[in-house]
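Written out below as structure tokens is the structure these notes cover.
Every chain is numbered from 1, with letters handed out A, B, ... down the list of sequences. These numbers come from the heavy atoms of this one structure, side chains and all, not from hydrogens, waters or symmetry mates.
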Amino acid sequence: MDEENTGPFRRTSSRTRKMASKMAAALASTDNRTQAALARLEALESDNAGAEVVEINDDDDASLDEDDQVYIQKKQSKSMKRKTRLAKALENAKKAPRTFMEVLQDANLEALPPHVPSYLRAAVGPPSTTSRRHFCTVCGYTANYTCVRCGMRFCSCRCQVIHNDTRCLKFVA
Amino acid sequence: MASSGVVVLDNGGGLCKAGFGGERDPAAVVPNCLGRSSSSNRKWLVADQLLAPDADVTSVSLRRPFDRGYLVNPELEREVWERLLRSLLRVDPSSSSLLLVEPLFSPPAVQRATDELVFEDLGFRALCVADSPALVHLYEASRRPPGGAQCSLVVDCGFSFTHAAPVVDNFTLNYGVRRLDLGGKALTNYLKELVSYRSVNLMDETLIIDDAKEKLCLVSLGIPRDLRLARRSGKDNPFRCTYVLPDGITHTKGYVKDLEEARRYLSLPDGSSTAQCGLKEVIEFQDDTEKLEDRRKIDLTKNEFNLTNERFLVPEMLFRPADLGMNQAGLAECIVRAVSSCHPHLRPVLFESIILTGGSTLFPRFAERLERELRPLVPDNYQVKITTQEDPILGVWRGGSLLASSPDFESMCITKSEYEEIGSTRCRRRFCR
């Protein structure tokens, strides 16, 4: 099952890792409902809801590898006159602050033996009951019904009318 | 101030508490962020400048050095600390030691960055790192009569997350800590979302909604009953209240329109609801005087919004994150799992001394609700006793102050020369993290 070689040098396995099936499905799905739900949960952790005021970083695709450091050194030593777009983007990626998730990835916590407590093991796991209560998005009361088009909950006809007039599918691309 | 004093710094994701060791209260409690209002011209307000009475709090975009509770941006943090140290505490770092409170399970990269910041950028003489549950336990144990239990379960509902940590003999049991990824920040964002969806679009106004959350939100003891009550209109609704937004001319900060009205829910009877409850409440509210009528009329010149059931739905997410769709257990289960991972002999003692700390426990009726949720999950022969600190925000700082004034504090620090000799990783092992 596990092709990993645990010799003196740890090699990464060639087996594709299995994510939790629901999570993988949600991430891969183009289903608006799961995407909207995930986006909502991500938004709970954000600091600024509006467009991020990023003064330096224009290039989202830039990220640093080991080769890039060498590249930057070489470029800087050669000529300081003209910076190519790639070099500039790499410099910006270096200056941009890292998020915690990146730091966590780098820490490689799965490599620790199981008796060592770590950030990931300290997470309280899923709830013991999977039943959840739904609340109407218009007024907040207990919701019993779902909109067929976008999946939002509502509690009564009046709230459904308001939802259809103002919100249904208005925020979905 | 003493020339070789100890600076106690509780570095939190939301608020930074700083002061001198041995004192009762910190000298400065400031927001740990930089903010820039969209209207002012490009000047970043640091920390306490955001709290000034004439600061513009509308549409402030914030930059935090913390992300999910850990320090990932040392440059921003340095600016906040420099302002704290130079202007507010007026202390010279090179002649003082620092007691820093760090969150549990910091990744090594974060620890190294913090060490660099403390020793190389600011130049402190010595550093000691502590974690919050141990300090809370220390403070509470010193206030209890001696001979009491030497262990407790500290529930810290902070800005970025909530930890339930068992502490034995001033030492946190790392394997028993359980973390819930919800805190004050998520609560504020949730309230922003609810209000923006239902009345005014306030997605950019973090500071204003923070204020509204602290003043108006409460914990409900029975959601179905409270939702029914919140549906009523007008005077019969004990939860309805209005928050007035700042308009920059007459007042720069928002305020609650009518504070007594906001407290009406306190007269609601506790316990399970019956049909007669509703009738009794209606009779109670009918003897309002005329004076209150004027205050409650909607003032069309001001920008304001109403809150009814959002007041108790927002803290509800700490107790049931599944309602939002998060795949995490609630606070009561978090506590039970933390205790169950400890030795069976320790469990009854831990349940008997649960300490609540952290800013998010300041919601009214928090402890009552937690006890109600916790009691069915705990075996019958164990007692459940929940203590709230008298000041949850400053609780950790006061524990740090106690630790800093203890006689063997100096032996627990690493000095700058030791750091420069052996480096950060080996120094950290002394703190057993």
Side-chain angles (χ1 to χ4, degrees), chain A residues 20 22-23 34 36-38 40-41 43-55 95-109 115-142 152 155 162 166-167, chain B residues 33 36 59 61-65 67-70 72-73 75-76 104-105 107-110 163-164 174-182 185-186 189-190 192-194 197-198 203-204 206 223-224 227-228 230-231 308-310 313 320-330 333-334 337-338:
Chain A
K22 259 196 196 170
M23 188 65 182
T34 40
L38 279 175
R40 216 173 142 230
L41 288 179
L44 281 182
E45 276 294 327
S46 65
D47 272 332
N48 294 309
E52 261 284 334
V53 179
V54 176
E55 295 125 15
K95 281 196 216 141
R98 311 174 68 198
T99 64
F100 176 65
M101 299 319 277
E102 290 173 18
V103 176
L104 198 59
Q105 291 276 45
D106 288 343
N108 199 11
L109 290 169
H115 64 267
V116 175
S118 75
Y119 180 82
L120 296 175
R121 290 196 192 101
V124 69
S128 50
T129 54
T130 44
S131 61
R132 52 179 283 196
R133 307 177 287 202
H134 302 282
F135 296 109
C136 172
T137 47
V138 178
C139 69
Y141 198 60
T142 359
M152 295 278 162
C155 60
I162 299 180
T166 56
R167 266 170 256 190
Chain B
C33 58
R36 177 169 74 176
S59 306
S61 79
L62 297 169
R63 289 187 70 194
R64 292 193 188 271
D67 180 30
R68 293 182 189 253
Y70 297 97
V72 293
N73 201 341
E75 283 93 29
L76 282 182
L104 295 161
F105 305 120
V110 169
H163 277 127
N174 268 356
Y175 57 85
V177 178
R178 294 286 176 265
R179 178 194 76 244
L180 190 60
D181 288 317
L182 287 176
K185 174 154 82 157
N189 283 341
Y190 186 45
K192 267 201 260 181
E193 197 189 302
L194 286 180
Y197 231 24
R198 293 173 194 176
M203 288 304 279
D204 286 330
T206 315
I223 288 280
L227 278 178
R228 258 201 318 272
R231 271 192 133 183
T308 48
N309 52 30
E310 296 87 1
L313 283 181
R320 290 248 215 142
D323 285 347
L324 286 178
M326 280 184 93
N327 200 18
Q328 290 202 343
E333 272 190 12
C334 188
R337 285 178 195 182

pair Arg179(B)-Tyr119(A): side-chain heavy atoms closer than 4.5 Å: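 A side-chain contact exists here, since the closest heavy-atom pair is under 4.5 Å.
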
Leu41(A) vs Met326(B) side-chain heavy atoms within contact, under 4.5 Å: yes

Structural part of Leu324(B) lying under 4.5 Å from a heavy atom of chain A: both

Leu194(B) portion near chain A, given a 4.5 angstrom heavy-atom threshold: neither

Choice from [options] maximising heavy atom contacts with chain A below 4.5 Å:
options	answer
Ala109(B), Ala338(B), Cys334(B)	Cys334(B)
Arg320(B), His163(B), Arg64(B), Arg178(B)	Arg320(B)
Glu310(B), Arg231(B), Glu333(B), Arg337(B)	Arg231(B)

Residue Thr142(A) versus chain B: region with a heavy atom under 4.5 Å: both

Heavy-atom contact with chain B under 4.5 Å, split by part of Cys155(A):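 When you check distances to chain B, only side chain atoms of Cys155(A) fall under 4.5 Å.
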
Distance, nearest 0.5 Å, that separates CG of Asn327(B) from CZ of Arg132(A): 10.5 Å

Side-chain (Asp323(B)) to main-chain (Arg133(A)) donor-acceptor, under 3.5 angstrom: yes

Check: Met101(A) main-chain N/O paired with Arg68(B) side-chain donor or acceptor under 3.5 Å: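 No, the answer is negative, given that no donor and acceptor are paired below the 3.5 Å cut-off.
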
Identify the two heavy atoms, one from [X] and one from [Y], that lie closest to each other, and give their separation to 0.1 Å.
X	Y	answer
Ala322(B)	Pro127(A)	CB-CG, 4.5 Å
Phe105(B)	Ser118(A)	CD2-C, 3.7 Å
Val124(A)	Ala329(B)	CG2-CB, 4.1 Å

Test side chain to side chain contact (heavy atoms under 4.5 Å, CB included) applied to Phe135(A) and Leu227(B), step by step: CA-CA 10 Å; Phe135(A) 296 109; Leu227(B) 278 178; 3.9 Å; yes

